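Working notes, structure below.
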Amino acid sequence: MRKNLVVAEAIYDIVKNLQDNGFVAYVVGGAIRDLMLERKPKDYDLSTSATPEEIRAVFGRRRARIIGKRFRLVHVRCGQEIIEISTFRRNPDSTGQSAKKRQNKLVPENMIFSDNDFGTAEEDAWRRDFSVNALFYDPVNDDLIDYTGCGIDDMNAGVVRIIGEAELRFEEDPVRILRALKLVGQYGFSLEEKTGETVRKLGHLILHSSESRLALEMEKILKNPYCDAILTAFHDYGFLTYCLPYLETNWNSPARTYLMQLLAERKNRILQERYRDSISLAMAVIALPFVEAEIGFGQHGKLWERDYNAGFTIGHIIQEVFQPHNMIKRLTMSAKDILNLQPDFFDSDKELAELLHAHGYAHARELLMLQNAVVWQDKSLIGKWPKPMTNKKRHRHPQRKRPPRRSTPSKK
Ligand code: ATP
Ligand code: MG
């Protein structure tokens, strides 16, 4: 028998609020998977019969903001958190609006450009990507609904099955290829036969996806604690060559083995809540072994010769490793800072106070700890470099302003 799925109180309240106002509302997406697998959901996605304007009317303009163009949804503020609520959609008609918008002949014929046709809960389930992503849960009535009829079985068997005709669905939106493999890595699932065959065949289509959507999905993968297993799934299904070609080229190198060890250690520390799931830190972790391979392997106490033009090499390697992705400049700069600071931990002329206030110290220290856990295992290093004070205002780089948040949501 299925165990009760216990959602966070704030989520229960939002669903109840929508239901009390006469709308149908469910928890959907990753949180359902995590709850069924007894993992802690990282966030919640909600879906409802209310339109974006109706959702905003229920929660008020101060708490609710309509965002997105390609996929309009509402961000509802809940204390410190933002909860995403989308309106039930149906699959857009391929002869309709999205087909008319298509101008570039090189773009695959079935690609979808707009997804704002509202529908019923059942229609909404069928337009989702995989059966395990099409489960709807009503926490108020403890009701788990499996419209596709195989979501629960696939969850139990650990199978990722595309909904509908595989080639069509991956052509409609090639980002689904990456999303399928993310589930393989993140949960140890396997791809259903036809889904797997199609992923292998159509991996190249990812190069036709919108740059901003792809970059957002990449950011989610880098944030994911299971990033190491996800990259391995990409490699196993021949997808890494399109998604991160530099890593694929260097798959059999010692640098790749080392980066997997560092990522595994990062995963442990995130899952034990010893450190946060920073994207820029993940970028620095992935680039570090290649920087070392280029500059010369650092030894404990003598990391990267200072007179070398390391800053330039670091920037260049980060760019190489993550191409063809258009990573946000702020993340790239931060990854660069994290790597640039590494030699300073071994520079006897550096004042502790100076380093403690350096931009990126916390992540740089964490990268040092990851290396220490994997390579040096030197306990004295842990005490030597203290954790930064969390309540202290740290120095920000004067020229570096946060760019405005991207408004394009990652999902369809
Ligand atoms: P995560 O844990 O990474 O958030 P998720 O499955 O919740 O995983 P989201 O991007 O938050 O991913 O999307 C929420 C849900 O929206 C998915 O579970 C899926 O049902 C649907 N969805 C997202 N992207 C697509 C897509 N490209 N095609 C079809 N359905 C999608
Ligand atoms: Mg989600």
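Values in this document were obtained by computation on a predicted structure and should not be read as measured data. Each ligand, and each atom within it, is numbered from 1 in the order the structure gives.
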Evaluate Gly30 for polar contact with ligand 1, using N/O atom pairs at a separation under 3.5 Å. yes
Does a salt bridge link Glu167 with Lys201, judged by any charged N lying under 4.0 Å from a carboxylate O? yes
Output the list of atoms in ligand 1 that are nearer than 4.0 Å to some heavy atom of Arg213, sorted by atom number. 27 (N)
Relative to the heavy atoms of Asp173, which atoms of ligand 1 are at a distance of less than 4.0 Å? 26 (C), 27 (N)
Of all the atoms in ligand 1, which lie at a distance below 4.0 Å from a heavy atom belonging to Arg127? 29 (C)
Considering just N/O/S atoms, say which atom of Asp45 is closest to the Mg ion (ligand 2). OD2
With the threshold set at under 4.0 angstrom, would you say Arg179 reaches ligand 1 through any of its heavy atoms? yes
Would you call the rings of Tyr275 and His363 parallel, tilted or perpendicular, taking 30° and 60° as the class edges? perpendicular
For Gln186, is the nearest heavy atom under 4.0 Å from an atom of ligand 1? no
Heavy atoms only: which of Asp129, Asp43, Val28 is nearest to atom 31 (C) of ligand 1? Asp129
Does a salt bridge link Arg179 with Asp129, judged by any charged N lying under 4.0 Å from a carboxylate O? yes
Does the Lys NZ or Arg CZ of Arg127 fall within the cation-pi geometry relative to Phe71 - under 6.0 Å from the ring centre and within 45° of the axis? no
Validate the cation-pi geometry between Arg33 and Phe130: distance from NZ or CZ to the six-membered ring centre under 6.0 Å, angle to the ring axis within 45°. no
Are any of the side-chain nitrogens in Arg56 or Glu53 under 4.0 Å away from the carboxylate oxygens of its partner? no
Under 4.0 Å to a heavy atom of Lys182 - the qualifying atoms of ligand 1, by number: 3 (O)
Closest to atom 6 (O) of ligand 1 among Arg128, Arg33, Arg169 (heavy-atom distance): Arg33
Proximal atoms of ligand 1 relative to Lys220 (non-hydrogen, under 4.0 Å): 3 (O), 4 (O), 9 (P), 10 (O), 11 (O), 12 (O)
Taking only heavy atoms of Asp45, which atoms of ligand 1 are found under 4.0 Å from at least one of them? 7 (O), 11 (O), 14 (C)
Is the closest basic N to carboxylate O distance between Arg274 and Glu366 below 4.0 Å? no
So that I can tick it off, tell me whether Asp277 and Lys42 are bridged by a salt bridge, with the cut-off set at under 4.0 angstrom between side-chain N and carboxylate O. no
Side-chain heavy atoms of Leu37 within contact of Phe189, under 4.5 Å: yes
Does ligand 1 have a heavy atom under 4.0 Å from the side chain of Arg176, from its backbone, from both, or from neither? side chain
